[in-house]
Protein chains: 2
Amino acid sequence: MNISRASDYAIRGLVYMAKQPAGTVCFVKDIAKNTNSPASFMSKIFQTLAKSGIVHSFIGTKGGFTFNVQPENITIKTVIEIIDGPILLNRCAVNKSACNEIDNCDVHYMWADIRKILIKALNAYSIADFAKDKKNNKEVLSEVINF
Amino acid sequence: MNISRASDYAIRGLVYMAKQPAGTVCFVKDIAKNTNSPASFMSKIFQTLAKSGIVHSFIGTKGGFTFNVQPENITIKTVIEIIDGPILLNRCAVNKSACNEIDNCDVHYMWADIRKILIKALNAYSIADFAKDKKNNKEVLSEVINF
DNA sequence: AAAATATAAGACAAATTTTATCTTAATTTG
DNA sequence: CAAATTAAGATAAAATTTGTCTTATATTTT
Ligand code: SF4
Ligand code: SF4
């Protein structure tokens, strides 16, 4: 029950980028150094992010990455889905076609429900939220929703 | 971002047990058959559940498993933690000792927050909730918390 | 313009985790 | 006490995750 290390790195890398002056072309080398991640692994992660369209890549000397979507509009959920694929807690609750139950089984509604909550929480945080200050100034969700 | 198949099976297996008359000694063979899971895999899963104390096991002919904790008191979170281990979304947000940040890093508060929400949601459902009827009669959480 | 350099892209490989099976031990029944 | 039934535990296969190494592309320098 965790995100992959790749998704974790991706988020940290994007947060690092968001902290640089807007428009800066960032090198994987620097992104990796500042996130304590293996550069070659981070490289592959950014390839995936580039393919998805949220960052733009430039090959060759002075190449690197820039945002293609504003960090305010990139939520944690977006990043996790790009790297890890769809968020399916029990790996079938959404993909009903993969199960042979005619009616929904005993646990279907629960997983759908919990998934909905999780996705909303993951969508409540954007990359830009972390670039500002450490104890980010947004109110803590779990208090706001009184849950 | 999903629970393991083992946890999924565990939950389904326990729900099956909860549907039998209280006190029934259940065989792995039957539990597996009724959850479409490999019996030998389910066997190992129930070993783990037995070690944790939530079920009791009986060896030998007419052996099997019974609840050691009332299904009402076994939440989904409990089961997942027994099978998959602690719920750590980014695999460090709780285990601060495993990281070398002096202050908390940029993403620490977010993960702590989302984790808190997820855990509450997982704790809101018990095994007994599913034994009653399919569209279980408890209100849908994601609506109740207006989130 | 060619060579050297810096960079991302993509192919490849190791490590870990997940999923499962196979063998052994324990208990009951006849 | 032998046979049958069941869980426990050891072992193995498969899948996924994590990571590295090589190749292609663009820029800069000579
Ligand atoms: S009905 Fe059950 S098995 Fe089928 S998709 Fe829903 S949760 Fe999965
Ligand atoms: S400070 Fe950052 S790296 Fe350390 S435990 Fe928290 S989330 Fe993990």
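Just so we're on the same page: letters track the sequence lines, and every chain starts at 1.
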* Structure fact -> Rounded to whole Å, CD1 of A:I45 lies from P of D:dG19 at a distance of 8 Å
* When you measure from the side chain of B:T35 to the backbone N and O of B:I31, does any donor-acceptor pair fall under 3.5 Å? -> yes
* D:dT18 C1' sits how many Å from A:N2 CG, rounded? -> 13 Å
* Return the value, rounded to whole Å, for the distance between atom CZ of A:F41 and atom P of C:dA13. => 18 Å
* To do: Round to the nearest Å and state the distance from A:R5 atom CZ to C:dA15 atom P.
  => 16 Å
* May I have the distance from B:M1 (atom CE) to D:dT16 (atom P), rounded to whole angstrom? => 18 Å
* Asked: Within the side chain of B:R115, is there an N or O that forms a donor-acceptor pair under 3.5 Å with the backbone of B:I87?
  -> yes
* Minimum heavy-atom separation for B:I11 to B:I127, with atom names? -> O-CD1, 4.1 Å
* To do: Please answer whether the main-chain N or O of B:D30 pairs with a side-chain N or O of B:N34 as donor and acceptor at a distance below 3.5 Å.
  => yes
* Whole angstrom value for the distance that separates P of D:dT17 from CD1 of A:I80 -> 13 Å
* Nearest-Å distance, CG (A:D8) to P (D:dG19)? -> 11 Å
* Look at the side chain of A:K44 and the base of D:dG19, then say whether one donor and one acceptor between them are separated by less than 3.5 Å. => yes
* Asked: Looking only at heavy atoms, which two atoms of B:T66 and B:T24 are closest? And how far apart?
  -> CG2-O, 3.5 Å
* Choosing from D:dT6, D:dT20, D:dA7, which nucleotide comes nearest the side chain of B:S57? -> D:dA7
* Asked: If you check every side-chain atom of B:V28, which of D:dA7, C:dC22, D:dG19 has the closest atom?
  -> D:dA7
* Could you check whether A:F46 gets within reach of a base, just the sugar-phosphate, or nothing at all, counting any heavy atom under 4.0 Å? => nothing
* Asked: Short question: side chain of B:D129, backbone of B:S126 - any donor-acceptor pair under 3.5 Å?
  -> yes
* Decide whether B:S40 and B:S43 meet the rule of one side-chain donor and one side-chain acceptor closer than 3.5 Å. => no
* To do: Pick base, sugar-phosphate or nothing for A:F27, based on heavy-atom distances below 4.0 Å to the nucleic acid.
  => sugar-phosphate
* Do B:F58 and B:F65 have their ring centres less than 6.0 Å from each other? -> no
* To do: Using a heavy-atom cut-off of under 4.0 Å over every strand shown, decide if B:S4 touches base, sugar-phosphate, or nothing.
  => sugar-phosphate
* To do: Taking only the side-chain nitrogens and oxygens of A:Y9, find out if one of them lies under 4.0 Å from OP1 or OP2 of D:dT18.
  => no
* Pairwise 5' ranking along DNA chain C for B:F58 and B:A6, keeping only the more 5' one -> B:A6
* Asked: Where along residues 47-55 of chain A does a heavy atom come under 4.0 Å from DNA chain C, residue by residue in number order?
  -> A:Q47, A:K51
Set out, line by line, the N/O atom pairs under 3.5 Å between protein and nucleotides 23-30 of chain D.
none

* **Atom of A:A32, atom of A:A39 and distance for their closest heavy-atom approach** => CB-CA, 3.5 Å
* Asked: Do B:Y125 and B:F130 have side-chain heavy atoms sitting under 4.5 Å apart?
  -> yes
* To do: Specify the separation, in whole Å, of atom NZ of A:K29 and atom P of C:dA9.
  => 16 Å
